[in-house]
Asker: 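The structure is given below, and queries will be raised subsequently.
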Amino acid sequence: MNQEILFIQREELKTKPDTSSLGFGKYFSDYMFVMDFHSETGWYNPRITPYEPLTLDPAAMVFHYGQAIFEGMKAYKGADGTIQLFRPEKNMKRFNQSCDRLCIPQIDEEFLLRAIKQLVFTEKDWIPDGDGTSLYIRPFIFSTEAYLGVRPAKEYKLLVILSPSGAYYGSQLSPVKIYVEEQYVRASIGGVGHVKTAGNYAASLKAQEKADANGFAQILWLDAKENKYVEEVGSMNIFFKINGEVVTPRLNGSILPGVTRDSVIQLLNYWKIPVREEKISIEEVYAAHERGELEEVFGAGTAAVISPVGELHWNDHAIVINDYKIGQLSQDLYDEMTGIQLGNKEDPFNWVVKVAQVEV
Ligand SMILES: *Cc1c(COP(=O)(O)O)cnc(C)c1O
């Protein structure tokens, strides 16, 4: 795709929120990227326009049959004013995998990445530079055709919106309490659990609500068939450190292939820490704890980067991990990943993609 990206300027810029009050997903920048699709023309009219509400037909197919997918990534501003993205080509590729599973037309990955860089550069003043802060990037696509028959739509919209986000944890990582869910499931093999489609999150709300009500931070999901094998924690991938070795569930078709997950595996290999991707049952996790070998448990995802688990609650039986303290490996991975993302550490894998250098 070799189209010019049109720029439509807004009359007045918004007042930017205070860095300390950012939180996550509450504020949106001045501009967004938009592009349309029609089966007769392909993707067309790429533009950076003022952030504003959309007008959609009540019969737009997304409201009825849920063709909606998204991505989640971040732009960081380093101490020297370098604006950078972290492995964005992985997100572009996964976006197309989500398109494929939901019968949404493919996008030109290089073009979209170029558009995202252009949008981020336009909005460079929205990238916060406090510790642990970033500009969250949310690309998404949904069907817009007005039609009530069940089939893939012929019209879509692709948008990218930006949201400045605060540090996930205050001043340091803090271990969380997790509920192992046995009644509800997130995803099943053959379904859509391996792609980022809106319905997966709608399906997870009931269990999350139950967990919230009982004082748990997140859900640990088990496999849908046997209710036995560990899949994911909330919307993060999960890792267990057992007797010096790290284990994470193998990608089986119902687990989301996280960019953070892949980065953790590569870092562990680089550090020569044994890591295996394999089926692991919740029973094995509890047995390892029983033997005194369950050293660390942590989630991995773009939002939190690394999220240590302090307690698991399964089948009326709670176990505390590492005395509710942050494990050394969790801390090392967090420091290394955030160091690379901010440009404070060497980037041996060439993960970082530079957008621009601005004055600080
Ligand atoms: C996005 C997501 C992840 C983490 O993926 P990252 O690319 O590391 O952010 C894990 N699980 C689910 C269900 C997700 O939606």
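What you are looking at is a predicted structure, and each value in this text was computed from that prediction instead of being measured. Counting starts at 1 for both ligands and their atoms, following the listed order.
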Asker: Would you mind checking which non-hydrogen protein atom is closest to atom 15 (O) of ligand 1, with the distance to 0.1 Å?
Answerer: Tyr201 OH, 2.3 Å

Asker: Check each atom of ligand 1 against the heavy atoms of Arg186 and keep those under 4.0 Å away; list them by number with element.
Answerer: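 So the atoms of ligand 1 that pass are 13 (C).
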
Asker: Evaluate Lys77 against Asp125 for salt bridge (Lys or Arg N to Asp or Glu O under 4.0 Å), listing each step before the verdict.
Answerer: CA-CA 10 Å; Lys77 195 189 280 173; Asp125 294 342; 5.5 Å; no

Asker: Do Val305 and Tyr270 share a hydrophobic cluster (ILVMFWY, side-chain heavy atoms under 4.5 Å, transitive)?
Answerer: yes

Asker: Regarding ligand 1, does Val259 bring an N or O atom to under 3.5 Å of one of the ligand's N or O atoms?
Answerer: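 It does: an N or O of Val259 is found under 3.5 Å from an N or O of ligand 1.
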
Asker: Do Leu162 and Phe142 sit in one hydrophobic cluster, given that two such residues count as connected whenever their side-chain heavy atoms are within less than 4.5 Å of each other, even indirectly?
Answerer: no

Asker: Leu119 and Ile83: same hydrophobic cluster, using ILVMFWY side-chain contacts below 4.5 Å?
Answerer: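 Linked, Leu119 and Ile83 end up in one cluster.
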
Asker: To which protein heavy atom is atom 8 (O) of ligand 1 closest, and what is the distance rounded to 0.1 Å?
Answerer: Thr260 OG1, 2.6 Å

Asker: Return the residue, atom name and 0.1 Å-rounded distance of the protein heavy atom closest to atom 2 (C) of ligand 1.
Answerer: Lys196 NZ, 2.5 Å

Asker: Students should be able to answer this: which protein heavy-atom is nearest to atom 11 (N) of ligand 1, and at what distance?
Answerer: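 Sorting protein heavy atoms by distance from atom 11 (N) of ligand 1 puts Glu232 OE1, 2.5 Å first.
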
Asker: What do you reckon, is NZ of Lys93 surrounded by more than 12 foreign heavy atoms closer than 6.0 Å?
Answerer: no

Asker: Give the atoms of ligand 1, by number and element, whose distance to some non-hydrogen atom of Asn237 is under 4.0 Å.
Answerer: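 In order of numbering, the contacting atoms are 10 (C).
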
Asker: Tell me which protein heavy atom sits closest to atom 9 (O) of ligand 1, plus the residue, atom name and distance to 0.1 Å.
Answerer: Thr302 OG1, 2.6 Å

Asker: For the rings on Tyr136 and Phe24, is their centre-to-centre separation under 6.0 Å?
Answerer: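 Yes; Phe24 has its ring centre under 6.0 Å from that of Tyr136.
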
Asker: Tell me which protein heavy atom sits closest to atom 3 (C) of ligand 1, plus the residue, atom name and distance to 0.1 Å.
Answerer: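 Protein heavy atom with the smallest distance to atom 3 (C) of ligand 1: Ser235 O, 3.3 Å.
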
Asker: So Phe239 and Phe298, would you call those rings parallel, tilted or perpendicular, with 30° and 60° as cut-offs?
Answerer: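 Geometry flag for Phe298 against Phe239: parallel rings.
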
Asker: Would one find an N or O of Arg94, backbone or side chain, under 3.5 Å from an N or O of ligand 1?
Answerer: yes

Asker: What is the nearest protein non-hydrogen atom to atom 5 (O) of ligand 1, stated with its residue, atom name and distance?
Answerer: Gly258 CA, 3.3 Å

Asker: Near Gln357 CD, under 6.0 Å, is it more than 12 heavy atoms from other residues, nucleotides or ligands?
Answerer: yes

